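The structure under discussion appears below in the form of structure tokens.
Chain letters run A, B, ... following the sequence lines, proteins first and then strands; every chain starts at 1. Keep in mind the model is a prediction, meaning the values are calculated, not measured. Below, all heavy atoms of this structure are taken into account, side chains as well, without hydrogens, waters or symmetry copies.
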Amino acid sequence: MNVTKTLDATGLACPMPIVKTKKAIKDIETGEILEVHATDQGAKSDLSAWTKSSGHELLETDESSEVLKFWIKKGE
Amino acid sequence: MSLQPMKPSELARKAVNKEELFILDVRNEDAFEDWKVEGVNFEYMNVPYFDLIDGVEEIMDDLPKDKNILVVCAKEGSSVMVGEMLADEGLEVSYLEGGMKAWSEHLAPVKISDLANGGELYQFVRLGKGCLSYMVLSGEEAAVIDANRMTDIYTDFAKEKGVTINHTMDTHLHADHISGGRALAEESGGTYWLPPKDAEGVTFDYKPLEDGKTIRVGETDIDIQALYSPGHTIGSTSFVIDGQYLLTGDILFIASIGRPDLAGKAEDWVQDLRTTLYERYRELSDNLIVLPAHYTATDELNDDGSVQEKLSVLYKENHGLNIEDEAEFRKTVTENLPPQPNAYQEIRETNMGQVAPDSERKREMEIGPNRCAVR
């Protein structure tokens, strides 16, 4: 996957992972990919709900290690 | 205006007293649909916090200016963020301390009655999940039935009352919450009792709760009599306390009956459930007061915050006890059931001692309502 930007939100509690993601995605162009790292378990359902409501696409989630990884494609 | 914290205990008091409260729940929509703080006179609005990061202007018109607003989220962080923005706009607003996780863990005792010879019976009401557990006190001893994971609540209460918890027992192997029975027995040097038919997979020692077994509490002899009453699980056991109270576990609730499918055996157990509800309980005294292990909706709470009703009243008013046709009964309890409780398999494995998740995972597993009933 061609990742344009990576955001480290590990160690941050809700709402910060989403607050930072929202900010970071402003820095990339439509169609580009943001990779997010987080340790807050709540980030799973919240990132999924947020991408749906904001028009971005959650391409993939990796929950295999303690650090959760998400790949988000920026929408229009 | 400044943002104020609200403790779960204060919110519980508002729910029990049927006070008015406007709840702004800032979790995502699925989480809100699935499970929320329940109160007869609570009003709700659900706007996910991620839609409010840039400001609250868009929802200001929809919020009441003359009512207390409580902002609720999963763990607290987001409700503080949104709450501060609302307070800056001049609203009277508080946030739920510890969020839904703390709400799920809050439980408090309600006195049900005095028993013979100075004994007492308390019901511990866990509003967030609708779980009910019990403590029988007599002399210097106590027994706890269907204890929740938060064992310090029972040990603190026992200390306050000057009693030692000698016995803990579960009416069945729970699938919706993690039992505190074993841990509580270990902490206080007591005995943990389980119905043997529900305990086939357990990895620890327990005393078998068999039909007709009598457990005495205190020198003054409060009898807790075990009554085999399968149907929610194959081992489900009820208790008759002091000849007056019937603890039904997850077999019979106030406005509903137990579901037979949480161990994956609905078809096998539906006949047991029928026999328990339509024969075994019918043979008992009408005057018994039913004390269940759960409730579903806040309208089942009495004015004092307890959940209890006479068996005779339930035989008149509870729909699940009034389905004469057996085929229709079978259909009711096996088809169109509500979703199963969150992580119910993992909870059962934990209660059998097969897995030992850390405390954070245990809290996660218990998120959501109990969902043990068929209405």
Side-chain angles (χ1 to χ4, degrees), chain A residues 5-28 30 32-76, chain B residues 3 24-36 45-56 58-59 71-86 95-104 339 342-343 346 357-368:
Chain A
K5 189 180 164 79
T6 302
L7 169 70
D8 179 10
T10 55
L12 298 177
C14 184
M16 290 322 286
I18 306 266
V19 170
K20 297 229 169 199
T21 303
K22 210 169 165 175
K23 221 167 166 183
I25 209 151
K26 284 182 183 152
D27 298 340
I28 64 173
T30 299
E32 291 183 332
I33 293 167
L34 173 70
E35 180 176 325
V36 179
H37 298 180
T39 42
D40 184 11
Q41 290 294 320
K44 283 185 274 184
S45 54
D46 287 1
L47 273 173
S48 152
W50 170 73
T51 46
K52 254 180 231 151
S53 89
S54 58
H56 306 300
E57 190 184 347
L58 182 58
L59 298 173
E60 216 180 300
T61 305
D62 177 3
E63 300 174 18
S64 60
S65 71
E66 222 165 275
V67 177
L68 307 166
K69 292 183 183 139
F70 306 90
W71 289 270
I72 301 163
K73 187 171 160 190
K74 184 169 178 167
E76 292 293 324
Chain B
L3 177 66
L24 173 63
D25 194 317
V26 298
R27 292 173 300 152
N28 65 59
E29 286 161 14
D30 291 349
F32 175 74
E33 284 300 317
D34 187 51
W35 179 50
K36 63 180 188 294
M45 183 169 154
N46 172 226
V47 185
Y49 70 91
F50 46 71
D51 289 339
L52 301 170
I53 291 173
D54 298 328
V56 291
E58 279 182 29
I59 59 165
V71 189
V72 172
C73 72
K75 279 178 284 194
E76 173 181 303
S78 307
S79 62
V80 171
M81 178 188 77
V82 174
E84 278 173 352
M85 289 193 260
L86 294 174
Y95 68 94
L96 176 59
E97 225 175 64
M100 289 301 281
K101 279 202 175 170
W103 177 240
S104 168
N342 186 43
E346 201 180 346
D358 63 30
S359 54
E360 189 49 34
R361 178 63 198 144
K362 284 181 181 168
R363 299 176 99 192
E364 295 272 347
M365 282 155 66
E366 287 192 336
I367 289 294

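Nearest heavy atom pair, residue A/Ala38 against residue A/Phe70, reads CB-CE1, 4.3 Å. The shortest heavy-atom contact between B/Phe50 and A/Lys22 is O-NZ, 3.0 Å. Here the shortest heavy-atom pairing between A/Trp71 and A/Glu35 reads NE1-OE1, 2.9 Å. The two residues B/Met365 and B/Pro357 have their closest heavy-atom pair at SD-CG, 3.9 Å.
Between the B/Asn28 side chain and the B/Pro48 main chain, no donor and acceptor come within less than 3.5 Å of each other. Put simply, the side chain of B/Asp25 never gets that close to the backbone of B/Phe32: no donor and acceptor are under 3.5 Å apart.
Between B/Leu3 atom CG and B/Leu86 atom CG the span is 8.5 Å, to the nearest 0.5 Å. To the nearest 0.5 angstrom, B/Lys101 atom NZ is 5.5 Å from B/Ile367 atom CD1.
Chain B is approached within less than 4.5 Å, heavy atom to heavy atom, by A/Cys14, A/Pro15, A/Ile18, A/Val19 from residues 5-20 of chain A, ordered by number. Of residues 43-69 of chain A, those residues with a non-hydrogen atom less than 4.5 Å from any non-hydrogen atom of chain B are, in numerical order, A/Ser45, A/Asp46, A/Ala49, A/Trp50, A/Ser53.
The closest side-chain heavy-atom distance from B/Ser79 to B/Tyr49 is not below 4.5 Å.
Within the 4.5 angstrom heavy-atom criterion, only side-chain atoms of B/Glu364, from C-beta onward, approach chain A.
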